[in-house]
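Input: a single structure, listed below in structure tokens.
Here the structure is a predicted model, which is why all the values come from computation and not from measurement. Below, chains carry the letters A, B, ... as their sequence lines are ordered, and counting in each starts from 1. Values below: every heavy atom of this structure, side chains too, minus hydrogens, waters and symmetry copies.
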Amino acid sequence: MAMAIETPKQGFRLGMLIYDTRYRAITIQVIVLLLFLLFVGWLADNTRHNLALKGKDIDFSFLWRRAGYDIGQHLIPYTNDSTNFWAGLVGLINTLVVAVLGCIFSTILGVIFGVLRLSKNWVVARLMTVYIEMFRNVPLLLWIILVYVILGETRPQPKDFKAAADGTQIATMNLWDSVAVTNRGTNLPLPLLDRPLPGGYTSALAIIIVLIGSFWINHILSNRAKATQEATGVRPVMWWKTLAILVLPTLGLLLAMGFHLEYPVFKGFNFQGGINVAHAFTALLIALTLYYASVTAEIVRSGIQAINRGQSEAAYALGLRPGRTMNLIILPQALRVIIPPMISQWLSLTKDTSLGIAVSYLDLRGTLGGITLNQTGRELECMLLMMLIYLIISLIISAVANAYNASVKLKER
Amino acid sequence: MSEAYVRGAILPPLAPPVSERGVVKWMRENLFSGWLNSVLTVLAVLAVYYIASLCLPWLLHGVWNAGSLGECRSIIATNYGPDAGGACWAVIHARWYQFIFGFYPIEAWWRPILDFALLFVALAPVLFSDNPRKAAIMVGVVSVILVLSLMALVPWWALLLTIALMAGLSFLSYTATSKLLWVAAVYPFLSVWLLWGGSVWGPVMAMAGFGVMVLVYRVISPGLGVIMGTALGFVAACIWWLFLGSLAAAAIQSVVPFGLTYVESDRFGGFLLAFVIGVSSISISLPIGVMLALGRQSNMFLIRTLSVSFIEFVRGVPLITMLFTASLLLQYFLPPGNNFDLILRVVILVTLFSAAYNAEVIRGGLAALPKGQYEAADALGLDYWQAQRLIIMPQALKVSIPGVVSTFIGLFKDTTLVSFVGLLDPLRGVTTIVRADLAWKGIYWEPYIFVAAIFFIACFGMSRYSMYLEGKLKTDHR
């Protein structure tokens, strides 16, 4: 016999807001919301008062006024007549350039160092351990400043590259006379086209299209090779086809457009021609790369060590050589462990490009949050804008990287 | 008929061939097992040789006693020839105290030193909670180092007092390690008083605020319940801190004056500053981090949203922007005319910064717990806070200690960034001052190597401790 027990009907009492778990969550959230709104209101009210005291207001129109300062490294056209907004954009691009190059170099180096640290070779493993521990236990800022100071203080002056009357030189250029590192900057060869395609960026666009096309054809070819291998058990020799398809079309296009390098040459008092890269950029990039390579190496090492020993033993039992085992068995599995911490390393690296302040590198912080801020006196607007941009960059990186992570993750059901 | 040869005795085993034993075998297996390995070995040895040939003469020719860089160079030139390079450690010999203390007055150096020693005494019961022997060893070693370093700085009676105090603490750490937790509880207030000086009654009254909180809680909770008791206790403590505490401190100070010379914040510098910012930020940010981690896991939409947005915002911007917020923007957000200490402002922002990172570490610790732990706590009828306090947090915090230690290492390295808002950090602030001195103009390797070495010792030590902890925690979990 079923018996339904009536719960005694209770009227709502005020105490239930705290002691009844059904209502408590709502009470707490309402209180938190009120406190939060009060706090925000308090901050906003203080800000309004303080701004009024200083005779300021919140106004973003300074972004469209003339910046009035020069930026040495600008990848888009910029003069000191450009607007503050444009200066900020130049800074943002400078930030992204260092960040992207730093991520690429530090990841490549880090993976190599991490694998080498686990090598059975006693000398190499110890050397890598010393390197990794040395770099990751010392502040990144120290490496940036040290590299910058060394480049500035130990390298010869430009005039030392000038040949004296008897033909002797105090300093010589490196890499077959193509690169000159002076105490003012690094002079690199500049790639130039004799017969560029008409229009501003069409030549670059054409090269990119051709490159994408070659990669696509290569992809088709390797799929076909895989199909052949699965059907017959013999994999066709591929390496020269891949090489030819990846290199030849681009090379042909470059030759057709008259590609050549303009070397820096010492003339008068300084180097002429080529690209002059400021030491601020070089020092920042080298320090970021070396520091984050050591961090990445640790991530790679722990990722590889997280793979069960049975995996490599099984690979050896199948007769795979150590190199193949690493490439085909260990790394693909370790990648799943490695990628999540790697994402946060890339994020940190991107944020740490703001340390360029130590060497006066004009990145986003140097332009928008530095000179523009000081010249216009708009602390509130500049800082908020800068934080917002950094936040957006971080969110984009983590979104892209998480999507990639989801695609390589072990599919579990 | 010939007799078949039968060996009557077993031959002794031959020694393995030369290539299969001793150094040769080890080298064959570890250094020259294949052509790639051999190439790597040769390259590595060459690299080591190259680096050593650059550094060793430089290090060995080092000069410790000189008045300026020029004097250093002339000493090296007379001793080792005109072309020889050498380190000029004399700059460290002449200026080491600035790297450590900044411009902290010399007659008060004993205060930060004593404070630093007490930090380890306060940490001992936390670090080695289950091992009184290790705790006692740590306190003992710290005591010896403290007494040795104070010898030249304080009069004999103060030294005797210190020896007595540290002997008592060492004894206590061996017999009742958990009693040292009281040192840990008092330490924050004691530390502020020792470092900045001023009247002793201010910190004492700040401590008394917690007494007020407990008192109000004890009085109210039997009648009105735990929640009201906690809330009213908190309100009472806030009233005490905001209004009554300072009055009481001033009153007692006028009757029983007792204090240390006040030291202004702008005299702090070097590693003293790095430790002040690092230690205070990490210790304040831990409880905030726990709260944020719990908030992020909460079922309440609003609390979860607020926690997540705070954590993601802070993790999405560089620390340097937070520091600039401290130096440029905080003056806008706080009531007009409120212009308090820059170190305090930086500590607040750095605390918020590390709280977000700690929250993520602790969230990882919470996620590592099996679901059964939560369910078991529910089944026992524990409410949320009881479950957190008795079941979840002890386990989650234990798992996340290594992560917290690495957050601290990162934070400690990042304290060097405070030089950008005008504080005197060891790396950029002090080194710039030293290098600007005419006597040491043009020196770069030596001060940076000195600073790097201290950072390395501190960070490497902490990361080893965290690895030791990780190993220890692993055994009792699997």
With a sphere of 6.0 Å drawn around [atom1] of [X], does it hold more than 12 non-hydrogen atoms of other residues, nucleotides or ligands?
X: B/Trp58; atom1: CH2; answer: yes
X: B/Phe234; atom1: CZ; answer: no
X: A/Tyr316; atom1: OH; answer: yes
X: B/Arg464; atom1: CZ; answer: yes
X: B/Arg73; atom1: CZ; answer: no
X: A/Arg126; atom1: CZ; answer: yes

Heavy-atom distances under 4.5 Å only: say whether [X] touches chain B with side chain, backbone, both or neither.
X: A/Leu373; answer: side chain
X: A/Met387; answer: both
X: A/Ile392; answer: neither
X: A/Val123; answer: both
X: A/Ile393; answer: neither
X: A/Leu33; answer: both
X: A/Leu347; answer: neither

Could you tell me which portion of [X] (side chain, backbone, both or neither) has an atom closer than 4.5 angstrom to a non-hydrogen atom of chain A?
X: B/Met322; result: both
X: B/Leu427; result: side chain
X: B/Phe333; result: both
X: B/Thr415; result: neither
X: B/Arg304; result: neither
X: B/Ile454; result: neither
X: B/Phe301; result: both

Most contacts with chain A, counted as non-hydrogen pairs under 4.5 angstrom, among [options]:
options: B/Leu417, B/Val48, B/Asn299; answer: B/Leu417
options: B/Thr416, B/Leu36, B/Leu43, B/Val451; answer: B/Thr416
options: B/Asp414, B/Leu328, B/Thr321, B/Ile409; answer: B/Thr321

Original post:
Is the side chain of B/Arg345 donor-acceptor paired with the backbone N or O of B/Ala326 at a distance under 3.5 Å, no angle test?
Top reply: yes
Subject >> Residue among A/Lys56, A/His49, A/Arg48 satisfying side-chain hydrogen bond (donor to acceptor under 3.5 Å, both in side chains) with B/Tyr332 >> reply: A/Lys56
**OP:** Kindly say whether the aromatic ring centers of B/Phe412 and B/Phe455 come within a distance under 6.0 Å.
**Re:** yes
Original post:
Is B/Gln331 close to A/Lys54 at the side-chain level, that is, under 4.5 Å between some pair of heavy atoms?
Top reply: yes
Original post:
Which one, A/Leu127, A/Ile28, A/Ile26, A/Leu142, leads in non-hydrogen pairs under 4.5 Å with chain B?
Top reply: A/Leu142
Original post:
What residues of residues 356-367 of chain A sit under 4.5 Å from chain B when you count only heavy atoms?
Top reply: A/Ile357, A/Ala358, A/Arg365
Subject >> Set of residues satisfying ring-ring contact (aromatic ring centres under 6.0 Å, His included) with respect to B/Phe353, sequence neighbours excluded >> reply: B/Tyr357
Original post:
Between A/Val147 and A/Ala283, which heavy-atom pair has the shortest distance, and what is it?
Top reply: CG1-CA, 3.7 Å
Original post:
Taking it one step at a time, do A/Ile145 and B/Thr431 satisfy side chain to side chain contact (heavy atoms under 4.5 Å, CB included)?
Top reply: CA-CA 11 Å; A/Ile145 296 178; B/Thr431 310; over 6 Å; no
Original post:
When the ring planes of A/Tyr131 and A/Phe113 are compared, do they come out parallel, tilted or perpendicular, using 30° and 60° as the limits?
Top reply: perpendicular
**OP:** Using the side chain to side chain donor-acceptor pair (under 3.5 Å) rule, take A/Asp352 and A/Tyr292 through it: C-alpha gap first, then chi angles, then the decisive distance, then the call.
**Re:** CA-CA 10 Å; A/Asp352 276 345; A/Tyr292 276 99; 2.5 Å; yes
